[in-house]
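Read through the structure below, which is laid out as structure tokens, and then see the notes.
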Amino acid sequence: MWHFPTGKSRGFPSTPKGTRVYAVGDIHGEAALLGALLKAIREDAATGRATRHVLIFVGDFVDRGPAPRRVVDLVLGAEKTVGFPTVALMGNHEWMMLEFLERPETAAVWLWNGGVETIESYVGDAGLVGGWNLDRLSRSLSRALPPEHLAFLKGLRLSHVEGDYLFVHAGVRPGVPLAGQTPADLMWIREPFLSSDADFGYVVVHGHSIVPRPDLRPNRIAIDTGAHASGRLTCLVLEGVKTRFIHT
């Protein structure tokens, strides 16, 4: 168990009373890892005395790994799988994917950041035959994308709060009130967030910046353990003032 102060007068950060929170790091197309982790979360939730459970995904479902489409299916069905509510946040890779669907000529960088794997997951190898014509690739992806997947992507949230914890994809900008944080920073920021020792008002739980193991600091917890490269998908478990992890 890990315990650490936040700089607040009340001492240790805590979830709402009776609540156990599960927060899953960046998945990046690793459907097999996600399936195994959801099973472990369901089994873990059957233990203990929590009266409320919530599962939070911090974004980056698509790109890089072999099965982005399957990952979205699993996240869409996660509430039924684990048996309690889920919250899905917007990662920068989902944002890039939506931009490519709407403005392919300005979002080609997505292809070099894992977008090719996502297009192949939805369209198949035939989607890339004949070269990388951006408009054609965008139209092919749009036709292949199930309506429920598009609605899911467009409906992703930028943040979520549980007790003393703020969940975002990338982080927050130090010195800016939480109400004034921009979507770009919430989805993309690294520095000066990662090196800041500021009290953000909440302990920020985030992914986006890969760490070899979860990084627990007084003001933030990093949970992106690079599943697409490491085979290690991490779930942070918070209950009261206690902190632990489930890994693949």
Side-chain angles (χ1 to χ4, degrees), residues 13 15-16 19-30 34 37-38 41 45 52-63 68-102 107 110 113-114 118 145-173 176-190 193 200-209 219-224 227 233-238:
T15 63
T19 296
R20 183 183 297 176
V21 177
Y22 297 91
V24 176
D26 303 31
I27 303 163
H28 277 306
E30 295 293 342
L34 178 58
L37 189 61
L38 290 175
I41 291 170
R52 174 179 174 261
H53 300 81
V54 61
L55 171 58
I56 301 166
F57 298 97
V58 301
D60 277 7
F61 308 102
V62 299
D63 301 350
R69 178 173 182 157
R70 177 58 180 156
V71 165
V72 175
D73 280 331
L74 288 171
V75 174
L76 283 169
E79 183 168 335
K80 182 176 181 181
T81 300
V82 299
F84 49 85
T86 64
V87 176
L89 303 183
M90 174 80 77
N92 62 307
H93 284 259
E94 286 75 53
W95 182 86
M96 287 192 289
M97 182 178 176
L98 288 172
E99 284 290 295
F100 186 78
L101 287 168
E102 296 181 8
W110 176 59
N113 281 277
T118 295
L145 197 65
E148 61 271 23
H149 285 213
L150 181 60
F152 166 77
L153 293 168
K154 289 185 173 181
L156 293 170
R157 300 170 58 174
L158 290 172
S159 64
H160 181 76
V161 170
E162 289 285 342
D164 296 326
Y165 295 93
L166 170 69
F167 300 83
V168 297
H169 176 63
V172 298
R173 183 162 294 278
V176 177
L178 293 179
Q181 297 287 331
T182 67
D185 280 339
L186 296 175
M187 290 186 291
W188 289 88
I189 197 169
R190 287 197 170 96
F193 168 68
F200 302 121
Y202 294 92
V203 175
V204 179
V205 178
H206 66 96
H208 186 57
S209 297
N219 59 354
R220 66 179 182 88
I221 305 174
I223 58 171
D224 177 7
L233 181 60
T234 291
C235 175
L236 167 67
V237 186
L238 301 166

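These values consider heavy atoms only, across backbone and side chains, with no hydrogens, waters or symmetry-generated copies. Since we're looking at a predicted model, the values are computed, not measured.
Counting heavy atoms from C-beta outward, Asp224 and Val58 have side chains that stay 4.5 Å or more apart. With a 4.5 Å cut-off on side-chain heavy atoms, Val24 and Thr234 do not count as touching. In this structure, the side chains of Val172 and Leu166 come closer than 4.5 Å at one or more pairs of heavy atoms. In this structure, the side chains of Leu158 and Val168 stay at 4.5 Å or more apart for every pair of heavy atoms. Here the side chains of His28 and Val62 are not in contact, with every heavy-atom distance at 4.5 Å or above. Between Leu238 and Glu162 there is no side-chain heavy-atom pair separated by less than 4.5 Å. You'll find the side chain of Val71 stays beyond 4.5 Å of the side chain of Glu30, heavy atoms only.
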Which atom pairs, one a donor and one an acceptor, fall under 3.5 Å between side chains of residues 73-85 and the rest of the protein, sequence neighbours left out?
unit_1 : atom_1 : unit_2 : atom_2 : d
Asp73  : OD1    : His149 : NE2    : 2.8
Thr81  : OG1    : Gly77  : O      : 3.0

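Note: Leu150 CG to Leu98 CG = 7.0 Å, rounded to the nearest 0.5 Å. Atom CZ of residue Phe100 and atom CH2 of residue Trp110 lie 6.0 Å apart, to the nearest 0.5 angstrom. Atom CZ in Phe167 sits 6.5 Å away from atom CG in Leu236 (nearest 0.5 Å). The CG atom of Asp26 lies 9.0 Å from the CG atom of Leu233; values are rounded to the nearest 0.5 Å. In this structure, CZ in Phe57 is found 5.5 Å from CD1 in Ile27, a value given to the nearest 0.5 Å. Atoms CD1 and OG1, on Ile41 and Thr86 in that order, are 10.5 Å from each other to the nearest 0.5 Å.
Side chain of Gln181 to main chain of Val176: a donor-acceptor pair is present (N/O by atom type, distance under 3.5 Å, no hydrogens or angles). A donor-acceptor distance shorter than 3.5 angstrom exists from the side chain of Tyr22 to the backbone of Ala45, with no hydrogens or angles considered.
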Show, in sequence, the C-alpha distance, side-chain angles and deciding distance for Thr15 and Val54, and conclude whether the side chain to side chain contact (heavy atoms under 4.5 Å, CB included) test is met.
CA-CA 11 Å; Thr15 63; Val54 61; over 6 Å; no
Derivation of the side chain to side chain contact (heavy atoms under 4.5 Å, CB included) call for Ile223 and Val205:
CA-CA 7 Å; Ile223 58 171; Val205 178; 4.0 Å; yes
Residues Ile56, Val21; criterion side chain to side chain contact (heavy atoms under 4.5 Å, CB included); working and verdict:
CA-CA 7 Å; Ile56 301 166; Val21 177; 3.7 Å; yes
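Under the 6.0 Å cut-off for aromatic ring centres, Phe152 and Phe61 qualify, their centroids lying closer than that.
Listed by first and then second residue, the side chain to side chain donor-acceptor pair (under 3.5 Å) pairs involving residues 89-99 are Asp63-His93, Asn92-His169, Asn92-His208, Glu99-Arg103 (not counting sequence neighbours).
Residues Leu156 and Ala88 approach most closely at CD2-CB, 3.5 Å, considering heavy atoms.
Contacts of Arg70 classified as salt bridge (charged side-chain N to carboxylate O under 4.0 Å, His left out), with partners at least two apart in sequence or in another chain: none. The ring pair (Phe, Tyr, Trp, His ring centres under 6.0 Å) check on Phe193 picks up Phe200, His206, with sequence neighbours excluded. Here Thr19 pairs with Arg52 under the side-chain hydrogen bond (donor to acceptor under 3.5 Å, both in side chains) rule; sequence neighbours left out. Legend: residues meeting side-chain hydrogen bond (donor to acceptor under 3.5 Å, both in side chains) with Ser209, ordered by chain and number and at least two apart, are Arg190.
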